[in-house]
Amino acid sequence: MTRGGARTTAGRSAPGRQRSGADPTPERTDPAGPAGTAGQADVGGQAGTGGDADAVAAAWTEYLAAARQLDGVRRDAATAAGEQARSVQAAREELTAVRTRLASQEARLRERGVPPISLVPTPPELTEAARAMAGGPAAVLAALRAARGRADAADATLSARGLPRLAGWPPHLRNLLVYGPLALLVPAIQVALFVATGTGAASVGALVCGLPMPAVAFAAGWIGVGRLFPPPEGGRVTRTARLGALVCLVPAVLVSAGLLLAMLAG
C-alpha cells in the first residue's frame, strides 16, 4: 500500500512538475517575422542615405558657386591693380616730362625779364590742382596730360619770335599768311610787265620765266614756315604741304593762262 500509494502520488505530481518546468509560456512573436524587421531597417537606412547625399550635393553646389565668385573677384582685383600700376607708371613719366618743360620755360621767361614771383603758383591754384588730382592715379594722369598740353601751347607762344598771336592760330591759317604772298608775287610782276609793255618781248620773257616760279614760291614758303613758327621742343613743324602747293600753283596757272590768251588776242 505504501509503495503503491507512493507511486500513485509520484505519478500524479510528475505531470505538474513537467508543466511548470518543461512547458514555459511561449513568447509572442512579430507576425512579419525577421523579414519584416529587416525591411524596416533597410527602408530607414535608405532614407537616411538619400538625405545625406542631397545635403552633400547642395553643399558642393554652393561651394562651386562661391569658388567661381571668388575667382571673379580675384580677377577683377588683379585687373584693377594692373591698370592702377600702369597709370602710376604713366603718371611718373608724364610728371618727369612736364617738370622738364616747365624748368625750360621758367628759364626762358626769366631771360625775358618776367619776375620770379609771377612764376610761382598761387594758393587757389594749388588747391584747385590738388582737388583735380584727388581721384587716384587716373585723375593724376589726366591732370598731368592737361598740364603738358598747356605747356605745349606756352612753348608755341614763346617760340613765335614776335608773332605770339599768330602762334595760337590753326596751322593752315597761319601758314596761308606765308604761302599766299609768295604765291602772288610772281603773277603780280607778270601782270605789271604786260600792262606796261603790252605783248612785247618783256611780257613773253616774264611769262616764260614765271612757269617754274610756283615751285620756287613753295620752297620759300616751306622754309619761311619753319623759321617763323618753330615747333616746341621735341616736336615737328606743321607746314601743311598740300595747302602750300595748291596756293602757290593756282594763281600762277590762272595768270599765265590769262596772259597767254591776251597775247594771242593782241
Side-chain angles (χ1 to χ4, degrees), residues 97 100-114 118-119 145-266:
T100 304
R101 301 286 293 281
L102 293 180
S104 175
Q105 290 180 3
E106 183 179 0
R108 296 171 66 181
L109 289 172
R110 287 185 177 181
E111 291 177 357
R112 297 190 180 189
V114 178
S118 299
L119 303 176
R145 286 176 176 171
R148 187 173 184 180
R150 290 192 291 269
D152 291 339
D155 280 339
T157 302
L158 291 174
S159 302
R161 295 184 183 181
L163 299 175
R165 295 182 180 178
L166 297 181
W169 287 20
H172 61 280
L173 290 180
R174 70 187 185 192
N175 293 346
L176 185 61
L177 298 177
V178 180
Y179 289 116
L182 294 173
L184 296 175
L185 179 60
V186 174
I189 295 175
Q190 291 176 342
V191 173
L193 287 176
F194 178 78
V195 172
T197 62
T199 56
S203 297
V204 175
L207 183 61
V208 173
C209 293
L211 294 178
M213 284 298 107
V216 176
F218 175 75
W222 180 279
I223 297 173
V225 169
R227 293 294 181 86
L228 293 175
F229 308 109
E233 296 180 3
R236 299 179 59 184
V237 181
T238 306
R239 290 190 169 92
T240 58
R242 294 182 179 178
L243 176 64
L246 185 63
V247 170
C248 294
L249 184 62
V250 170
V253 171
L254 293 178
V255 171
S256 298
L259 291 177
L260 183 60
L261 292 176
M263 289 179 184
L264 293 177

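Note that the coordinates shown come from a computational prediction; the quantities given were computed from them, not determined experimentally.
- In this view, Arg110 and Glu106 satisfy the salt bridge (charged side-chain N to carboxylate O under 4.0 Å, His left out) rule, not counting sequence neighbours.
- Expressed to the nearest 0.5 Å, how far OH of Tyr179 lies from CG of Leu246 amounts to 12.0 Å.
- In terms of heavy-atom proximity, Pro251 sits nearest to Leu184 at CB-CD2, 3.9 Å.
- Residue Thr240 holds its OG1 atom at 9.0 Å from CZ of Arg174, rounded to the nearest 0.5 Å.
- For the residue pair Leu211 and Ser256, the shortest heavy atom distance occurs at CD2-OG, 4.5 Å.
- Scored by the salt bridge (charged side-chain N to carboxylate O under 4.0 Å, His left out) test, Arg148 finds Glu94 as partners (sequence neighbours excluded).
- Separating the CG atom in Leu259 from the CG atom in Leu264 is a distance of 11.0 Å, to the nearest 0.5 Å.
- Minimum heavy-atom separation, Trp222 to Ala241: CZ3-CB, 3.8 Å.
- Note that CG of Leu249 is 9.0 Å distant from CG of Leu254, once rounded to the nearest 0.5 Å.
- Under a 3.5 Å cut-off, the side chain of Asn175 and the backbone N or O of Thr238 do form a donor-acceptor pair.
- The heavy-atom pair separating Cys248 from Pro214 by the smallest distance is O-CB, 3.5 Å.
- Closest heavy-atom contact between Pro187 and Val255: CB-CG2, 3.5 Å.
- In plain terms, the two heavy atoms of Met263 and Val204 that are nearest each other are CE-N, 3.7 Å.
- Of the inter-residue distances, the one linking Ile189 atom CD1 with Leu185 atom CG reads 4.5 Å to the nearest 0.5 angstrom.
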